[in-house]
Amino acid sequence: MINFIKENLPNVYQLGLFGDQGWLTAIGQTLYMTFWGAIFGGFLGLVTGLILVITDTNGIKENKVVNFILDKIVSVFRALPFIILLVLVTPLTRSIFHVGIGVNAALVPLSLSVWPFYARQVQVALTETGNGKIEAALASGATFWDLIGLYLKESRSELIRVSTVSLISLVGLTAMAGAIGAGGIGTTAIVMGYQRYYNDVTLLATAIVLLIVLIIQFSGDKLAKHYNHK
Amino acid sequence: MSEAVVKLENINITFKQKKQIINAVKNVSLEILDGDIYGIVGYSGAGKSTLVRTINLLQEPTSGKVSIDGLTIFDDAKKINTSQLRQQRQNIGMIFQHFNLFEEYTVEQNVAFALRHTKNEKQKLLKPSEISNRVSELLDLVGLSDRATNYPSQLSGGQKQRVAIARALANNPKVLISDEATSALDPKTTQQILQLLQDLNKKLGVTIVLITHEMDVVKEIANKVAVMQDGEIIERGTTLEIFANPHEDLTKEFINVATGVDDAIEKIKHQNAVQNLKSNQKLVELAYKGDSTDEPVLNQIYDKYNVVANILFGNIEILNNTPIGSLIVILSGTKNNLKNAEKELEQNGVVVNVIKEGKVSD
């Protein structure tokens, strides 16, 4: 096996598993960025999506001003291409991490990019709960937090589905962040594979990203199905 | 004398849609007494749902006063505070046309949802064991004990509505609002659900407000009925009064659909005997109730005036043990005798509606 790699994929072998440019290091960085990006961006997105739904017309806390402003912010951030956002938020990133680049620094644009994307999808998922159920809950004397719980539980399966989509798109974004040196599989593919014409490295990088995406998709589908009783 | 459990006074509800103002409910007052099954009938858009939603303030009136069981919960834009309102809502159950069950909750979780803020005799929140006892009690009441751990998607329409009823009754409400609760069900299931509502009314004494577009439903279980049109109640009374002696055209229309008379008239109009009605003949509808069904009035008009009645259609409904009948007949006789026969019928409490008179050809 090792010999096969040595002979046929010399550059892949040369990078090794550990060390600055090792494969496992790169995979670890990609997962690190995906995970924390999902936590921060996901939390922001979930809250934003919830607020968008409850402040909407006939929502449980109708508020046209908040809804309008939040809706526009989400739309604007949704419209920004990631690569531009990356550059745009560099000053903010520097003020937080004192560096403009690296796995931690990349979390700022990653979270900011996933947030509106996820918020919109959460909004759609929650809206499917429908006014009827909310009305029935209200009629039985439910509190505000009961209703929030109801929203989340009723759309649980749909939320898992949209989280899967967002997570996959986040993996894609980490690769793009890698293009400007954030680290991870993206950096490996660009710096080693593309710039040094190490085609075997590009191929393996592709295969790894594909595998990560497939695992996320598979687990997401399984979970969503498990929690769906509709 | 029983008390008014629901008292709506001068309720107005207006919606602003773009530049249009829609008066959905216009100055409606309504009193529903303890133990009533009160039917509110009207076509969609008549405002019945909007009106009834003011009872638990799912819809706030633009103006007017809402009192439940003696407590004013809304008076000209002043309403009780949120936590009081929540408590009041426990006192008012509601079921819906599309059941509105929580699909990711099991049957027992659906019912338990309504018990989250319920207090026991010691004014403490129910313990999990108390909740589960109450839930099985309620599921027993609606006959679904064996379905406790099922999800709504595993149930039939009728079963779903039973779960919704159990959820609505969880806090022993004084009032149960049924918003077209049987409209999505097939006729047989409708009967079963109506039967259940009637039983619950008798067993628990819960007052029921029944919104429907079918007089059939009202006929089945309601003791009182109000007919709504364009945001107003155009006619109201006991079910018996309304069925026996409807005044408004819309009421008559609803009743005729429910009793099948409308259908019958349409078919009868195509019959030869009716198409070629002779000059000494009249096609009439005879409506009667109670005692007049016991008298052989058609015999009387033959004996006295020699007027022959040819019965084309007959229907008898028994409401609160009182028969209410409707006959469609062709009366034949001389002009004078026909007039006298009609008078005789009316003296016997029969309402005579002339549908068609024979053409005077000669």
(message) With rounding to the nearest 0.5 angstrom, report the CD1 to CG distance, A:Ile134 to B:Leu58.
(response) 11.5 Å

(request) Could you look at B:Leu101 and say if it's the side chain, the backbone, both or neither that has a heavy atom under 4.5 Å from chain A? (result)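 Just the backbone, heavy atoms under 4.5 Å.
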
(request) Let me know if B:Phe102 has heavy atoms under 4.5 Å from chain A in its side chain, its backbone, both or neither. (result) both

(message) If you count heavy atoms of other groups shown closer than 6.0 angstrom to CZ of A:Phe144, is the number above 12?
(response)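 Yes, enclosed.
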
(request) Evaluate whether atom OH of B:Tyr43 has more than 12 neighbouring non-hydrogen atoms of other residues, nucleotides or ligands under 6.0 angstrom away. (result) yes

Extract the chain B to chain A donor-acceptor pairs under 3.5 Å, no hydrogen or angle test applied.
{"from": "B:Arg53", "atom 1": "NH1", "to": "A:Glu135", "atom 2": "OE1", "distance (Å)": "2.5"}
{"from": "B:Arg53", "atom 1": "NH1", "to": "A:Glu135", "atom 2": "OE2", "distance (Å)": "2.6"}
{"from": "B:Asn100", "atom 1": "ND2", "to": "A:Gly132", "atom 2": "O", "distance (Å)": "3.0"}
{"from": "B:Glu103", "atom 1": "N", "to": "A:Glu154", "atom 2": "OE1", "distance (Å)": "2.8"}
{"from": "B:Glu103", "atom 1": "N", "to": "A:Glu154", "atom 2": "OE2", "distance (Å)": "3.1"}
{"from": "B:Glu103", "atom 1": "OE1", "to": "A:Lys133", "atom 2": "NZ", "distance (Å)": "2.6"}
{"from": "B:Glu104", "atom 1": "N", "to": "A:Glu154", "atom 2": "OE2", "distance (Å)": "2.8"}
{"from": "B:Glu104", "atom 1": "OE1", "to": "A:His229", "atom 2": "N", "distance (Å)": "3.4"}
{"from": "B:Glu104", "atom 1": "OE1", "to": "A:His229", "atom 2": "ND1", "distance (Å)": "2.9"}
{"from": "B:Glu104", "atom 1": "OE2", "to": "A:His229", "atom 2": "N", "distance (Å)": "3.2"}
{"from": "B:Arg116", "atom 1": "NH1", "to": "A:Asp146", "atom 2": "OD1", "distance (Å)": "2.9"}
{"from": "B:His117", "atom 1": "NE2", "to": "A:Asp146", "atom 2": "OD2", "distance (Å)": "2.4"}
{"from": "B:Ser153", "atom 1": "OG", "to": "A:His229", "atom 2": "O", "distance (Å)": "2.8"}

(message) Which residues in residues 124-133 of chain B have any heavy atom closer than 4.5 Å to a heavy atom of chain A?
(response) none

